[in-house]
Amino acid sequence: MRKIFFILCAVVFLSACSCSSGAETKSNGMTLHFENQTDIEVYGIELHLGDTSSTVVNADGSAIAKGDNLVIEILREDFTSAGHTSFDLYLLGDQNDKNRMPVDQSMSIDFIPGEEWHFKVTGGKEGSAALHMQRSIGRTH
């Protein structure tokens, strides 16, 4: 009986050692980080990239706090064949996505798998939101 117990424990231990966390998996996409530094009541962001769009909101429908970081992963198929594209960003000013406020300018980016781009969104009132690139971090994996 002890032998079976020992073998069972060894199998469980070895299988646990071979598992890897999801954080270690390599991504074929790129990650865009948007830090909310506006004084505007924002409930989410909407990113338009070519023919695709992505929206990020809090699961409970609450407003995005100043200083919060919103993350969107972009996949290769979202880009043009050249791997270079621009995107437009909108702030969502209500919980129903009806009050969409365009951010001042669009940004151009190149698709590099595993790369992270960090942006800051600033503004003091509706219609004055601006997008600033803070930095681009090379491959993160």
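Using a distance-only test at 3.5 Å, with no hydrogens or angles considered, a donor-acceptor pair links the side chain of Asp60 to the main chain of Ser62. Formation of a donor-acceptor pair under 3.5 Å by the Asp94 side chain with backbone atoms of Asn99 is found in this model. No donor-acceptor pair under 3.5 Å is formed between the side chain of Asp104 and the backbone N or O of Leu131.
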Worksheet item: For Met30 and Ile109, what are the C-alpha separation, side-chain angles and deciding distance, and is it a side-chain contact (heavy atoms from CB on, under 4.5 Å)?
Response: CA-CA 10 Å; Met30 239 176 42; Ile109 55 176; 3.6 Å; yes
Discussion item. The test is side-chain contact (heavy atoms from CB on, under 4.5 Å); show your working for Arg76 and Asn28 and say whether it passes.
Written reply: CA-CA 7 Å; Arg76 174 68 180 111; Asn28 291 328; over 6 Å; no
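Within the structure, ring-ring contact (aromatic ring centres under 6.0 Å, His included) pairs that include any residue of residues 55-76 do not occur (at least two apart or interchain). The ring-ring contact (aromatic ring centres under 6.0 Å, His included) contacts involving residues 51-71 comprise nothing, where partners must be two or more places apart or lie in separate chains.
How far CD1 of Ile72 is from OG of Ser53: 9.5 Å, rounded to the nearest 0.5 Å. One finds the CG atom of Asn69 at 6.5 Å from the CD atom of Glu35 (value rounded to the nearest 0.5 Å). In this structure, CZ on Arg100 lies 4.5 Å from NE2 on His48, to the nearest 0.5 angstrom. For the atom pair CD (Gln37) and NZ (Lys120), the distance works out to 6.0 Å, reported to the nearest 0.5 Å. Interatomic distance, Leu32 CG to Met133 CE, rounded to the nearest 0.5 Å: 10.0 Å.
By the 30° and 60° cut-offs, the orientation of the rings of Phe119 relative to Phe34 is parallel.
Hydrophobic cluster membership is shared by Leu47 and Phe111, with clusters built from Ile, Leu, Val, Met, Phe, Trp and Tyr side chains linked at under 4.5 angstrom. Two different hydrophobic clusters hold Tyr90 and Met101 under the rule that ILVMFWY side chains link at heavy-atom gaps under 4.5 Å. Both Met107 and Trp117 are part of a single hydrophobic cluster, where members link through side-chain heavy atoms under 4.5 Å apart.
The side-chain contact (heavy atoms from CB on, under 4.5 Å) check on Leu70 picks up Ile45, Val56, Ile64, with sequence neighbours excluded. For Asp39, the salt bridge (Lys or Arg N to Asp or Glu O under 4.0 Å) partners are Lys66, not counting sequence neighbours. With sequence neighbours excluded, the residues that form a side-chain contact (heavy atoms from CB on, under 4.5 Å) with Thr52 are Leu49, Asp78. Remark: Asp110 engages His84 in a side chain to side chain donor-acceptor pair (under 3.5 Å) (not counting sequence neighbours).
The minimum heavy-atom distance between Leu75 and Gly29, with the atom names listed, is CD2-CA, 4.2 Å.
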